[in-house]
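Start at 1 and go down the list; that is how both ligands and their atoms are numbered.
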Amino acid sequence: MSLTLIDISHLLVTRGKEQYGGEAVSQLEHALQCAHLAELAGETPQTVAAALLHDIGHLLAPECRAADNAGRDGLHQYVALPFLRALLPPAVLEPVRLHVDAKRYLCAMENGYWEALSPASKHSLELQGGAYSVEQAVQFVSQPFAHEAIRLRRYDDAAKVVGRATPAFEHFMHMLATVTARHALAKMPAAVSA
Ligand SMILES: [Fe+2]
Ligand SMILES: [Fe+2]
C-alpha cells in the first residue's frame, strides 16, 4: 500500500497529537520542529521532507511504540518505507531509514554526544543496539545519504522543545507536495518532441 499526501497529512494531524516517545512534545510538534531546524540550516527540500517524516513509522504502526514500551525495538525507521517508496525519492527515504543508525554512529564517534541525549533517547538507544563499534561506524558513514542522516539526527535531537514556534503545518505540506511532484516528473519517460 502506498500513502498519498492526503494520508500523510491526515496521519500527522490526527495521530500526531500523541506524545513523542518519552518526550514532552507531541509527534506533530516534533516533526514540525525537526523540519524547521532542517530548513533553517539550509537543507534541500528532500532533507527537510525527511526531517518532517522521519518518525512517521510511529504513527503508521502504533505497535512500534507498544514494542518500545515492552522493552523491544519497534524498528520505526523501517516501518514507513514501503508506504512511502512510490511517493518519494531515495534522498528522502534514505535519511529516514538511517536516522537511528546515525545516533549509533554519533555515540561512537563524537565525544559528549551520548551525554547530551535526552533520557528517553538514551533508553531507546539501548533497545536499538547501542553505540556502534568504530568498524560499524566506518561502514555506516560510507553509505549514500549517511551524512544527511547524521544532520537529520542533530535536528531530531534538538526538536523536543516545549512551545517552540515553527512555520505552520501547511508550509511543510506544500514543500512536501513539491518534492513529490518533482519525483513523479523525474520518473516519467522524457517527452518526445515533435
Ligand atoms: Fe526516530
Ligand atoms: Fe525523532
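Looking only at side-chain heavy atoms (C-beta outward), I56 and L84 come within less than 4.5 Å of each other.
Of the angles at the Fe ion (ligand 2), the one spanning NE2 of H54 and OH of Y20 is 170° when given to 10°.
T47 and T44 are linked by a side-chain donor-acceptor pair at a separation below 3.5 angstrom, with hydrogens and angles left out of the test. Judged purely by distance below 3.5 Å, without hydrogens or angles, the side chains of E39 and H171 pair a donor atom with an acceptor atom.
Using a 4.0 Å cut-off between charged nitrogen and carboxylate oxygen, R154 and D157 do not count as a salt-bridge pair.
Residue contact annotation: H99 places no N/O/S atom under 2.8 Å from the Fe ion (ligand 2). Residue side and main chain included, D55 places an N/O/S atom under 2.8 Å of the Fe ion (ligand 1). Note on H58: not counted as a metal contact of the Fe ion (ligand 1), no N/O/S atom lying under 2.8 Å. Checking H30 against the Fe ion (ligand 2), an N/O/S atom falls under the 2.8 Å cut-off.
As for D156, its N/O/S atom nearest the Fe ion (ligand 2) is the one called OD1.
The environment of CG in L185 is crowded: more than 12 heavy-atom neighbours from other residues, nucleotides or ligands sit within 6.0 Å.
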